[in-house]
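Here is how names work: the chains are called A, B, and so on, in the same order as the sequence lines, proteins then strands, and each is numbered from 1. Being a predicted model, the structure only gives us computed values, none of them experimental.
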Number of protein chains: 2
Amino acid sequence: MAHAKLADPQCTISRSAALLGERWTLLLLRQVFLGTRRFEDFQSQMDISRSVLTERLAELVDEGVLRRVAYKDARTRYEYRLTEKGHALYPVLMALRDWGARWMPPEDGRPSFDLHHHDCGGDVHAKVECTECGVELTARDVRVTAPNR
Amino acid sequence: MAHAKLADPQCTISRSAALLGERWTLLLLRQVFLGTRRFEDFQSQMDISRSVLTERLAELVDEGVLRRVAYKDARTRYEYRLTEKGHALYPVLMALRDWGARWMPPEDGRPSFDLHHHDCGGDVHAKVECTECGVELTARDVRVTAPNR
DNA sequence: CAGTATCCTCGAGGATACTG
DNA sequence: CAGTATCCTCGAGGATACTG
């Protein structure tokens, strides 16, 4: 394996980053969350080469982020859907989106799509929170310590 | 520029992913949030080559995520600190950490460090929330629409 | 200590054509 | 439609040595 060092087996962020810090993987996941499921759709929407797309999809299936689901066409084919593990990546994508919207605004100032809470129409926002007292946290509010053994 | 297509100028996630979906960038940011500031410390802690480290640091400074701050040694040197834009990446890193801790547990089951709210000692958690009604959201609770023009 | 310069390798990713 | 097979390029990244 190349880049083995990237995946420091001790660090959670490190191992997640080894999977998600791949050129196409984050974009592929964006498409999945937007509803894309089929090979040809990924290929045309993302303008990714067929071989790399095949590889990335297989990798995400291997990791348990996507699963292949059969559907009927002329012959039986498969589409790719999020597993529970995959769905759990939603906060990562949303945090990325929030940050990009605020700090890397598009040239023409328009977002490519809007997101709203289905029930009340409110805006969607990713944040870090204290599970105890419920306040929103920044890096400065958090203490890093050696793990409890 | 290689991989120009990656940075679909329309999509916020796309442009953020082009920066953060780089092999070493997420790990570099992890180190920064853990308090690393100096070249040699990054180099030894991450086991990254000097040239790539130089490049990545310059890139993050260019993008306004890090800034160089002079400090006194034998001669004047610089260390790298988060800008406001850089600090704003905290939710991304924390979302990644939460996900990894739950879905990519380390081999030996131990995290490499713990995080606690400085004030109350509570746990730290990244989540997606509705700014209107305040409930926690999953992908299923969110509607995607064409942007308002 | 914090880089820069040089050189090299290898593998990620693209293009294209083919297959069931 | 959803891939697989083949071939090729180029650039990301490592190793090493040097510099102020």
Side-chain angles (χ1 to χ4, degrees), chain A residues 1-8 14 17-32 35-63 66-81, chain B residues 1-8 14 17-32 35-63 66-81:
Chain A
M1 272 295 273
H3 312 297
K5 291 174 205 156
L6 258 181
D8 167 4
S14 193
L19 174 61
L20 299 176
E22 270 302 314
R23 257 172 229 318
W24 288 107
T25 305
L26 281 171
L27 294 198
L28 218 171
L29 287 169
R30 176 196 61 168
Q31 285 310 123
V32 175
T36 303
R37 294 178 173 180
R38 299 186 183 183
F39 190 91
E40 300 291 325
D41 295 333
F42 287 116
Q43 218 262 313
S44 61
Q45 289 164 11
M46 296 171 62
D47 200 14
I48 185 178
S49 80
R50 305 180 77 77
S51 45
V52 175
L53 177 55
T54 300
E55 242 175 63
R56 286 291 165 277
L57 286 170
E59 191 182 313
L60 288 170
V61 169
D62 267 13
E63 290 286 350
L66 299 179
R67 69 201 152 94
R68 282 155 46 94
V69 179
Y71 72 95
K72 289 279 176 195
D73 202 357
R75 87 189 61 211
T76 298
R77 302 206 171 278
Y78 293 91
E79 52 185 24
Y80 297 87
R81 303 216 202 160
Chain B
M1 270 295 275
H3 312 298
K5 292 173 207 158
L6 258 180
D8 167 3
S14 194
L19 175 62
L20 299 175
E22 269 302 314
R23 255 172 230 318
W24 287 106
T25 305
L26 281 170
L27 294 198
L28 219 173
L29 288 169
R30 175 196 62 168
Q31 285 310 123
V32 175
T36 303
R37 295 179 173 180
R38 299 187 182 182
F39 191 92
E40 300 291 325
D41 294 333
F42 288 116
Q43 218 263 311
S44 61
Q45 289 164 10
M46 295 171 62
D47 200 15
I48 185 178
S49 82
R50 305 180 77 76
S51 46
V52 175
L53 178 56
T54 300
E55 243 174 65
R56 287 290 165 276
L57 287 170
E59 190 183 314
L60 288 169
V61 169
D62 266 12
E63 290 285 350
L66 299 179
R67 69 199 153 96
R68 282 154 46 93
V69 179
Y71 72 95
K72 289 280 176 194
D73 204 358
R75 89 191 60 212
T76 299
R77 302 206 171 279
Y78 294 91
E79 51 186 24
Y80 296 86
R81 303 217 203 159

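- Ranking D:dG14, D:dG3, C:dG13 by closeness to the A:F39 side chain, first place goes to D:dG3.
- In terms of the side chain to side chain donor-acceptor pair (under 3.5 Å) criterion, B:R68 has no residue partners (sequence neighbours excluded).
- Set against C:dC1, D:dG14, D:dA2, the side chain of B:Y71 has C:dC1 as its closest nucleotide.
- Between B:E55 atom CD and D:dG11 atom P there is a gap of 12 Å when expressed in whole angstrom units.
- Annotation: side-chain contact (heavy atoms from CB on, under 4.5 Å) contacts of B:S51 (sequence neighbours excluded): B:S49.
- If you take CG of B:D41 and P of C:dA2, they are 7 Å apart, rounded to a whole angstrom.
- Base pairing in DNA chain C yields stems of at least 3 consecutive Watson-Crick or G-U pairs, both distances under 3.5 Å, namely C:1-20 with D:1-20.
- Phosphate contact (OP1/OP2 of D:dG3, side-chain N/O of A:R68, threshold under 4.0 Å): present.
- Atom CG of B:L57 and atom P of C:dG3 are 7 Å apart (whole Å).
- Nucleotide C:dT4 holds its P atom 12 Å from the OH atom of B:Y78, rounded to whole Å.
- Looking only at side-chain heavy atoms (C-beta outward), A:F42 and A:V32 come within less than 4.5 Å of each other.
- Atom-to-atom, CD of A:Q45 to P of D:dC1 comes out at 13 Å; the value is rounded to the nearest Å.
- The side chain of A:S51 sits closest to C:dG14 out of D:dG3, C:dG13, C:dG14.
- Atom CG in B:L60 sits 10.0 Å away from atom CD in B:E22 (nearest 0.5 Å).
- Under the side chain to side chain donor-acceptor pair (under 3.5 Å) criterion, A:E79 pairs with A:R38, A:R81, sequence neighbours left out.
- Between A:E22 atom CD and D:dA12 atom C1' there is a gap of 12 Å when expressed in whole angstrom units.
- With sequence neighbours left out, B:T25 forms a side chain to side chain donor-acceptor pair (under 3.5 Å) with no residue at all.
- Considering only residues two or more places apart in sequence or on other chains, B:L26 meets the side-chain contact (heavy atoms from CB on, under 4.5 Å) condition with A:A17, B:L20, B:L96.
- Taking every side-chain heavy atom of A:E40 into account, D:dC1 is the closest of C:dG13, D:dC1, D:dG13.
- In this view, A:Q45 and A:Q31, A:T36 satisfy the side chain to side chain donor-acceptor pair (under 3.5 Å) rule, not counting sequence neighbours.
- Rounded to an integer number of Å, the gap from A:W24 CH2 to C:dG11 C1' is 17 Å.
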When you compare the protein's N or O atoms with those of nucleotides 18-20 of chain D, which come within less than 3.5 Å of each other, and at what distance?
from: D:dG20; atom 1: N2; to: B:R77; atom 2: NH2; distance (Å): 3.0

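- Residues meeting the salt bridge (charged side-chain N to carboxylate O under 4.0 Å, His left out) test with B:R50, sequence neighbours left out: B:E40.
- The CG-C1' distance, from A:L27 to C:dG13, rounds to 14 Å in whole Å.
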